[in-house]
Amino acid sequence: MNSNINYRIRDKFKRGLIIFLLIAVIIFFVFPLFWSFLTSIKENVDAWSMPPKFIFKPTLENYRIVLFEKNFLGFIINSIVVGLFSTAISIILGTPLAYSLARSKFKINNLLFIFVLIAYILPPIVLSIPLYILGSKIGGLDKYYIIIITHMTFGIAFTVWMMRGFFEEVPLEVEESALVDGCNYFSSFFRITLPMAKPGLAATVIFCFILSWNDFMYALVLTSMKVRTVPVAIAQFLTPHGMYWGQMNAAGMLAILPILLFAMFFQRYIVRGMALGAIK
Amino acid sequence: MLPALIYIAVVILYPIFSTFLLSFQKYNFINPPQNTEWVGINNYLSFLKDTLFWLSIKNTVIYVASAVGFELILGLSIAFLLSKVLNNRNRIINSIILIPSLMAPIVVGLIFRYMFNTEFGFLSFIFNKIGLFIGVSILGSTTFALWAIIFADIWEWTPFIAIILYAGMITLPVEPYEAAKIDGASDFGILKNITIPLLIPIIRIVLLIRIADAIKEFDKIFIMTEGGPGAASETLNFYAYRMNFRYFDMGVGSAEVLIILLIITLVSLGLFKILKTQGEINEF
């Protein structure tokens, strides 16, 4: 009886300790973001005060300057255009390949799959050199299409990787019965299989967009002023404006705003996407 | 299926092929040669003789090993703690904690450049309070700059590993755990003898993704230190970038890039092969 109570106290204590540790962990991962947000709504005087200030008069001035005077609105539009186009084309080209990899049982499939894996992990710098040389010859530097083409390399690879897994989950029997009922291969794919893989498709679309939105190296090498995307704008902004931490952090916050929204609403799919489909 | 394959072939194989050709030529982009000038393996020899190349190799090894190592240990611990107090996936904790891994690496770098700032940085402030790094610029120090970037990398990627391992943990079969409980095994014993062995397939995938990513690391280095001071925090990828797009010596640069490609391909094929021989490829 006595030892039973002891056990219970020990269990309670252990649980308390674990929760305390987890709260510490969450603070560790959230605090830098929180701090960056606070700095983004501070006036310069407050941002520069030492020791750091937690209580101050908030202002949206930094956001106004960054968006309109430093043209971040334009960079955001560039990022959205590149993201939308590269995602759309990647999905359109990648989904059929993913489907055929999931359904046919040729030996060559494994080889193709490794090929796709390599395309996904390919360091951007490998493609940057020849594309830079080619781009400068045909006048393609600082154009939307060249950056969309590079983002499609990882976009297509990612789509194939993810959608193959989702298609494999659609039972073969469903398709077969659709064929019996008078569908041809195309209509059974579009009417039956694709709708059933819809959650997976949504996850893939979101993730393709995030990958494009976050890309830095291709955009750094292949664009200059006209189609500069948000990450490059942030990096270029830093050098001459190193002292304007309020504005810098406001720019950073704007860059992660879409990610925050995605993380909130599509969390389950995102975990799967990040693990390349390893987690169901 | 064909369009995608053709696309991948054209946009990936052709550039790799032309990079390969370029790596045996003398080619400076600013002053491109009129005729192709073949130099054999001289490009390879020239950077093999460069001490900065070997420094960048050393930095890459330190970076990949410590960042991925710490992330795996911390991620596993956090996943273990989560599995102790939560019964199923906790959406709110997941989405909060995942933000560092989802946001643009360039913003991670920006935030930590600010946090490590000597005058206004919050981390510097905390360190100074406890008597560390007083009067030292962390990002400007040859000893600490690389470690500051590793710190940012750990902050960025530990949540990713933790959430994935946690998601794996809650799908594990319950029988071995019940048996272990009856035998009176300790929490640590269960983690070591049951959970980790069962998680090995997922751990491998995570390692594959993280190691390939860490070798490619560029964004945070660019924004936090630009490889500096000197070349103290320069990894292989950054070294190759500087050769290509600062000096525009794309002959030598291409040779370096191919070395990176070779390393990444070997590492991932190695991991992929292990997965395949164990029949876990279907899990992928």
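Chain letters run A, B, ... following the sequence lines, proteins first and then strands; every chain starts at 1.
Considering all non-hydrogen atoms of both residues, B/Lys84 and A/Arg15 come closest at O-NH1, 4.4 Å. The two residues B/Ala240 and A/Ile125 come nearest to each other via the heavy atoms C-CD1, 3.7 Å. Taking every heavy atom of both residues into account, A/Pro124 and B/Lys216 meet most closely at CD-CD, 3.9 Å.
With a threshold of 4.5 angstrom between heavy atoms, B/Asn244 approaches chain A through side-chain atoms but not through N, CA, C or O. Only the side chain of B/Leu22 comes within less than 4.5 Å of a heavy atom of chain A; its backbone N, CA, C and O stay farther away. For B/Val107, the part lying under 4.5 angstrom from a heavy atom of chain A is the side chain only. Contact of B/Met103 with chain A is made through backbone and side chain together, with heavy-atom distances under 4.5 Å. The parts of B/Ser254 that come within reach of chain A are both its backbone and its side chain, each placing non-hydrogen atoms under 4.5 angstrom from that chain. Proximity to chain A (any heavy atom under 4.5 Å) is restricted, for B/Ile154, to the backbone atoms N, CA, C and O. Interface remark: B/Ala212 contributes side-chain atoms only to the contact with chain A (heavy atom separation under 4.5 Å). Interface residue A/Ile156: only side-chain heavy atoms are found under 4.5 Å from chain B. With a 4.5 Å cut-off on non-hydrogen atoms, B/Phe248 touches chain A through its side chain but not through its backbone. Proximity to chain A (any heavy atom under 4.5 Å) is shown, for B/Asn237, by both the backbone and the side chain.
Note that the CD1 atom of B/Ile99 and the CD1 atom of A/Ile259 stand 10.0 Å from one another [nearest 0.5 Å]. If you take CG on B/Leu258 and CD1 on A/Ile129, they are separated by 8.0 Å, rounding to the nearest 0.5 Å.
For the pair A/Pro123 and B/Leu261, the minimum side-chain heavy-atom distance is below 4.5 Å.
Under a cut-off of 6.0 angstrom, the local environment of CZ in A/Phe31 is crowded, with over 12 non-hydrogen atoms contributed by other residues, nucleotides or ligands. The neighbour count for A/Phe189 CZ, taken as heavy atoms of other residues, nucleotides or ligands under 6.0 Å away, is above 12.
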Worksheet item: Could you walk me through whether B/Asn117 and A/Trp245 pass the side-chain contact (heavy atoms from CB on, under 4.5 Å) check?
Response: CA-CA 10 Å; B/Asn117 184 294; A/Trp245 283 112; 3.6 Å; yes
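Ring geometry, B/Phe151 versus A/Phe28: the interplanar angle exceeds 60°, so the pair is classed perpendicular (tilted spans 30 to 60°). In this structure, B/Phe245 and A/Tyr132 have perpendicular ring planes: the angle between them is above 60°, well past the 30° mark.
A/Ser36 and B/Tyr114 share no donor-acceptor pair across their side chains, judged by distance under 3.5 Å alone.
Remark: side-chain polar atoms of A/Asn214 are paired, donor with acceptor, to backbone N or O of B/Leu102 under 3.5 angstrom.
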